[in-house]
Amino acid sequence: MPLPAYKRVVLKLSGEALAGNVGYGIDSDVITSISKQIKEIVELGVQVAIVVGGGNIWRGLAGSAKGIDRTTADYMGMLATVMNSLALQDGLERAGVPTRVQTSIEMRQVAEPYIRRKAVRHLEKNRVVIFAAGTGNPYFSTDTTAALRAAEIEAEVILMAKNKVDGVYSADPAIDPNAEKYDNLTYLEVLNKGLGVMDSTASSLCMDNHLPLLVFSIMEEGNIKRAIMGEKIGTIVKGE
Ligand code: UDP
């Protein structure tokens with residue numbers, strides 16, 4: 001049997017991915033489907049850490065555009081990621097996958113605080129670790145959280161699961177029918193072309209720390225496993 005291409009990964013799920021077709025909140029069918037897909041790769045012996053966004057519930061920038069103080073709005077966004085993380089933990093444990101949630105903002109009654117060495121120990125014991133509450137700092141994103149935690153735990157790759165696109169395009173394929181899909185990109189190209197893969201803070205962090213990124217669609221069942229097995233899906237972004 002072919003072996004997985006990676007041993008330790010960070011899976012980044014956008015909040016929107018959890019909202020399914022409703023586009024808001026948490027769709028329990030989506031949680032079940034994603035949990036099943038994650039279980040498949042855990043059973044291959046892959047160590048899986050997850051960072052979940054919060055855009056299905058709250059986005060700091062949108063809140064501040066409506067007049068809420070930006071920092072407060074960002075803390076609200078970080079709390080939204082905790083709700084998503086708990087929903088995902090529940091789905092994973094229902095699927096029989098031992099899971100720990102670690103939060104960057106302490107809330108001990110709900111989850112463990114983020115402690116890098118403890119997170120790595122969980123991963124070594126084949127527990128899925130979900131990093132919640134972003135970086136714990138306003139003005140950052142959960143993409144940056146994924147890059148930061150991936151560097152900290154020495155993950156080999158960030159798997160960026162998208163619900164609307166199946167890779168990186170030259171323009172938004174939903175708007176521009178001539179948008180071209182890239183198979184390979186460098187972080188410099190992402191930054192220079194202003195491609196909306198991830199924000200520039202996250203891209204720079206990945207570039208500086210030589211972290212590859214695989215962008216692919218989560219809407220096709222089994223894609224997380226395909227990504228892990230090294231099949232050519234989506235777009236791979238590397239340093240050079
Ligand atoms: N956020 C933050 N600091 C972080 C991570 C997230 O302030 O380190 C806030 C920010 O307001 C953001 C919200 O949490 O809009 C939700 O995260 P994000 O937009 O990255 O979620 P996604 O787009 O992946 O659903």
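Along the sequence shown, the residues carry numbers beginning at 1. Keep in mind the model is a prediction, meaning the values are calculated, not measured. Ligands are counted one by one from 1 in listed order, and the atoms in each one are counted from 1 as well.
Distances below 4.0 Å separate heavy atoms of G134 from the following atoms of ligand 1: 4 (C), 5 (C), 8 (O). Taking every heavy atom of G54 and a limit of under 4.0 angstrom, the matching atoms of ligand 1 come to 16 (C), 17 (O), 21 (O), 22 (P), 25 (O). Here is the list of ligand 1 atoms found below 4.0 Å of a heavy atom in G53: 21 (O), 22 (P), 24 (O), 25 (O). Within ligand 1, the atoms closer than 4.0 Å to a non-hydrogen atom of K12 are 24 (O), numbered from 1 in the order shown. Near G77, meaning under 4.0 Å from one of its heavy atoms, ligand 1 places the atoms 9 (C), 13 (C), 14 (O). Listed by atom number, the atoms of ligand 1 under 4.0 Å from G15 heavy atoms are 22 (P), 24 (O), 25 (O). Atoms of ligand 1 found under 4.0 Å from any heavy atom of S14 (numbered from 1 in listed order, with element): 24 (O), 25 (O). For ligand 1, the atoms lying closer than 4.0 Å to a non-hydrogen atom of G55 are 21 (O), 22 (P), 25 (O).
When each of T201, D199, N137 is checked for a side-chain hydrogen bond (donor to acceptor under 3.5 Å, both in side chains) with T144, only D199 meets the rule.
The shortest contact between atom 5 (C) of ligand 1 and any protein heavy atom is with S141 C, 3.4 Å. Closest to atom 6 (C) of ligand 1, if we only count protein heavy atoms, is F140 O, 3.6 Å. From the protein, the heavy atom lying nearest to atom 12 (C) of ligand 1 is G60 N, 4.0 Å. Looking only at heavy atoms of the protein, atom 7 (O) of ligand 1 is closest to D74 CB, 3.1 Å. Residue, atom and distance of the protein heavy atom nearest to atom 20 (O) of ligand 1 are T142 OG1, 2.5 Å.
Distance alone, capped at 3.5 Å, places no donor-acceptor pair between the E43 side chain and the E40 backbone. Between the side chain of D90 and the main chain of L86, no donor-acceptor pair closer than 3.5 Å is present. Between the side chain of E156 and the backbone N or O of R8, at least one donor-acceptor pair lies under 3.5 Å. Side-chain N or O atoms of S203 include none that pairs as donor or acceptor with a backbone N or O of Y187 at under 3.5 Å.
In this structure, the separation between CE on M198 and CG on L213 is 5.0 Å, given to the nearest 0.5 Å. Here the straight-line distance linking atom CD1 of I233 with atom CD1 of I236 works out to 10.0 Å at 0.5 Å rounding.
In terms of N/O distances under 3.5 Å, ligand 1 is not approached by T81. Residue T135 has at least one nitrogen or oxygen atom sitting less than 3.5 Å from a nitrogen or oxygen atom of ligand 1, judged on distance alone. Backbone and side-chain nitrogen or oxygen atoms of W58 are examined, and none is located within less than 3.5 angstrom of a nitrogen or oxygen of ligand 1.
A cation-pi arrangement is absent between R70 and Y75 under the rule of less than 6.0 angstrom and at most 45 degrees off the ring axis.
Remark: K232 does not engage D183 in a salt bridge, criterion side-chain N to carboxylate O under 4.0 Å.
There is no path of hydrophobic side-chain contacts, each under 4.5 Å, that joins V48 to L211.
Evaluated by nearest non-hydrogen atom to atom 19 (O) of ligand 1, the leading choice among R70, R59, E16 is R59.
Using a 4.0 Å cutoff on heavy atoms, P138 counts as a contact of ligand 1. The closest approach between any non-hydrogen atom of M76 and ligand 1 is not below 4.0 Å.
Contacts with ligand 1 closer than 4.0 Å are made by backbone heavy atoms (N, CA, C, O) of N137 only, the side chain lying farther away.
Here Y169 and Y182 keep their ring centres 6.0 angstrom or further from each other.
Side-chain contact check for T81 versus T142: some heavy-atom pair is nearer than 4.5 Å.
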